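In listed order, ligands and their atoms are each counted from 1. Here the structure is a predicted model, which is why all the values come from computation and not from measurement.
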Amino acid sequence: MMHAWPSGFTTKRKDGERITDQEIVEQVRHAVLMQRLPPGTRLPEVTLCEVFGVSRSVVRKALTRLASNYVVDQRPNQVCRVRAPGIEETRETFDARRLIEGEVVTLLAGTLPVDAMVELERLVQLEIDAFERGDESARIEHSLSLHFKLAECSVNRVLGNMLTDLVLRTSIVVALYKQAGSCYLPGDHDNLLAQLKKGDAQEARASLYRHLDSLEALLELSAEESAIDLKSILGQQA
Ligand SMILES: [Zn+2]
């Protein structure tokens, strides 16, 4: 089992302390986002205990959190696996996110506090810097942080919480279906912030829709799905 686990995980802290469940969550989530742990990968508790040098209770806590972040599927009496959302779920996730985030930015246009805008602009700059030095891992994190910040600022708390959830879900389906290379969309975040600053609610929503449409268009959700569906249906009938 151990040989299947990819390298590059931090299994001990610098101070010699054991790592926490939250740190395991971050590392596994990150490995999924960077496609180092592909969809469907089995995550047996015993392997995670060995890899991270922690007890089963710590691993279980981490897996429960990863399940609530849509990173893994946890089913009773089954080994946990990295989630493998289908094409239909991917499209539905984008549809839901357009609806919710579109409303969040509409309500935020012209009402964002100055310190929140400063933080959002800082995140845009960090994303650009990460892209320019070819650090895709950092770029993804900064890009997600920007959308989490919008969720956090949401005037409507329920919509904000739904958006946090949808950003997590989108990040997983993007990692799964993206084609080779970066999903960086130059200028999109800048443009959205400009509309929010201007206070143009309709333009802010339109800018956000364009951004999510472009991101979805980078994914491989092509005609292959009908071929795959057809095969499985024919297979069942045979
Ligand atoms: Zn974005």
Side-chain angles (χ1 to χ4, degrees), residues 26 29-30 32-35 69-71 85 89-113 116-156 159-221:
E26 283 310 313
R29 189 183 73 89
H30 196 72
V32 171
L33 290 185
M34 294 310 293
Q35 301 178 318
N69 287 356
Y70 304 98
V71 178
E89 182 182 327
T90 300
R91 291 217 171 98
E92 288 172 354
T93 303
F94 269 93
D95 285 346
R97 184 161 159 192
R98 262 185 289 270
L99 214 64
I100 301 300
E101 195 165 16
E103 194 58 24
V104 166
V105 299
T106 301
L107 295 171
L108 281 179
T111 66
L112 260 175
M117 186 51 86
V118 168
E119 174 61 8
L120 287 164
E121 284 172 343
R122 190 183 73 91
L123 289 167
V124 170
Q125 193 52 52
L126 285 173
E127 186 191 11
I128 294 171
D129 295 346
F131 178 73
E132 283 174 354
R133 66 173 191 272
D135 187 347
E136 180 65 2
S137 156
R139 191 204 62 76
I140 291 174
E141 289 301 334
H142 297 314
S143 165
L144 292 177
S145 295
L146 177 129
H147 290 282
F148 286 135
K149 184 70 188 173
L150 290 173
E152 185 193 315
C153 292
S154 177
V155 184
N156 179 320
L159 287 177
N161 291 338
M162 289 168 94
L163 179 54
T164 300
D165 219 56
L166 286 164
V167 172
L168 286 167
R169 292 182 81 131
T170 319
S171 66
I172 301 301
V173 297
V174 168
L176 176 50
Y177 287 107
K178 77 173 189 154
Q179 300 163 48
S182 172
C183 281
Y184 180 52
L185 295 162
D188 271 25
H189 288 156
D190 262 336
N191 188 271
L192 175 61
L193 293 198
Q195 302 306 335
L196 289 173
K197 219 172 187 173
K198 239 202 301 179
D200 191 328
Q202 287 321 305
E203 269 308 307
R205 187 197 292 266
S207 169
L208 189 269
Y209 277 17
R210 280 196 300 275
H211 176 50
L212 293 179
D213 289 348
S214 305
L215 186 58
E216 193 177 0
L218 289 178
L219 306 184
E220 254 171 316
L221 305 172

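Taking 4.5 Å as the limit, every side-chain heavy atom of K197 sits out of range of all side-chain heavy atoms of L193. Side-chain contact check for V104 versus L208: every heavy-atom pair is 4.5 Å or farther apart.
With hydrogens and angles ignored, the 3.5 Å screen pairs a side-chain donor or acceptor of Q35 with a backbone N or O of A175.
Ring-centre distance between H211 and H147: below the 6.0 Å cut-off.
Salt bridge absent: R210 and D213 never bring a charged side-chain N and a carboxylate O closer than 4.0 Å.
Counting all heavy atoms, side chain and backbone alike, P85 lies closest to T90 at O-OG1, 4.3 Å.
Take the Zn ion (ligand 1) and draw a sphere of radius 2.8 Å; the protein N/O/S atoms inside it number 3.
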